[in-house]
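Predicted model, so just to flag it, every value in this text is computed and none were measured.
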Amino acid sequence: MDTSGSRSGAEGQDGPDGPEPCDLVTVPARHGLEAVDILRLRTAVGPVLHDGDFDTLGFLVPPGTAAAWDMPGSACTQTCGRGVSLAPPVTGTQWLVPPEQAAPVTDPAVLRAALGEARRTIEAADRCS
């Protein structure tokens, strides 16, 4: 998911200065879909983006997360828009979990735990195949 096309400006119901800042954690789709299911069952999930080919999912997380994100198999970059706009904040993406059906952002610690559980679930399923 290319975040270089991040949008800014006043789209949707953002604040007077445009979208609020956030960071974006990207993961492979299989891993991300499993984590979305875990988060929906246990806690709140923030808005989630997918690229057009469903290769990558992106979780909106609070600003500053990118500075300390170190989870293998994922990346965290700064972008703008926390998901309150109807238009996704990254060009070429669509909402998997739209902002109106989500918490403002996903808590990074909760996301990290869900991604770890998703990895273990996928590894177990792959061993059984």
Side-chain angles (χ1 to χ4, degrees):
M1 184 173 301
D2 179 13
T3 59
S4 62
S6 297
R7 295 182 183 162
S8 61
E11 296 182 58
Q13 299 176 15
D14 301 317
D17 297 326
E20 294 185 35
C22 71
D23 291 349
L24 182 72
V25 173
T26 54
V27 297
R30 184 177 181 206
H31 199 164
L33 289 169
E34 189 68 38
V36 167
D37 286 344
I38 291 165
L39 290 167
R40 282 182 167 167
L41 289 172
R42 301 205 178 131
T43 61
V45 62
V48 179
L49 296 162
H50 69 83
D51 61 8
D53 296 328
F54 262 98
D55 293 327
T56 306
L57 294 187
F59 294 82
L60 296 183
V61 293
T65 301
W69 190 262
D70 62 352
M71 185 158 211
S74 67
C76 187
T77 56
Q78 295 177 342
T79 186
C80 65
R82 80 171 177 192
V84 295
S85 294
L86 294 179
V90 178
T91 304
T93 62
Q94 298 175 351
W95 294 116
L96 176 68
V97 179
E100 58 273 8
Q101 296 175 8
V105 291
T106 300
D107 179 280
V110 174
L111 177 58
R112 185 175 278 114
L115 290 170
E117 184 175 343
R119 180 186 48 78
R120 292 186 298 277
T121 300
I122 291 168
E123 287 172 353
D126 287 349
R127 281 193 300 269
C128 293
S129 344

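Between the side chain of H31 and the main chain of L115, a donor-acceptor pair closer than 3.5 Å is present.
Under the side chain to side chain donor-acceptor pair (under 3.5 Å) criterion, D70 pairs with no residue at all, not counting sequence neighbours. When the side-chain contact (heavy atoms from CB on, under 4.5 Å) test is applied to D55, the partners found at least two apart in sequence or on another chain are D51, D53. For A66, the side-chain contact (heavy atoms from CB on, under 4.5 Å) criterion is met by D23, C76, Q78, not counting sequence neighbours. Annotation: side-chain contact (heavy atoms from CB on, under 4.5 Å) contacts of E117 (sequence neighbours excluded): I38, R42, R120, T121. Residues forming a side-chain contact (heavy atoms from CB on, under 4.5 Å) with R40 (at least two apart in sequence, or on another chain): V36, V45, V97.
A distance of 11.0 Å separates OG1 in T56 from CG in L49, rounded to the nearest 0.5 Å. Between L96 atom CG and Q101 atom CD the span is 10.0 Å, to the nearest 0.5 Å. Here the CH2-CG distance, from W95 to L60, works out to 5.0 Å after rounding to the nearest 0.5 Å.
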Could you pull out all donor-acceptor pairs under 3.5 Å where a side-chain atom in residues 105-112 meets a protein atom, sequence neighbours excluded?
unit_1 : atom_1 : unit_2 : atom_2 : d
T106   : OG1    : G46    : N      : 2.7
D107   : OD1    : A109   : N      : 2.9
D107   : OD1    : V110   : N      : 3.0

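G32 and F59 make their closest contact through O-CZ, 3.7 Å (heavy atoms, listed as atom of the first residue, atom of the second, distance). Closest heavy-atom contact between P47 and A102: N-CB, 3.5 Å. In terms of heavy atoms, A44 sits closest to A103 at CB-CB, 3.9 Å.
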(Q) Applying salt bridge (Lys or Arg N to Asp or Glu O under 4.0 Å) to R30 and E34, what does each step give before you reach the verdict? (A) CA-CA 6 Å; R30 184 177 181 206; E34 189 68 38; over 6 Å; no

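Hydrophobic clustering keeps I122 apart from F54 (ILVMFWY residues linked when any side-chain heavy atoms are closer than 4.5 Å, directly or through intermediates).
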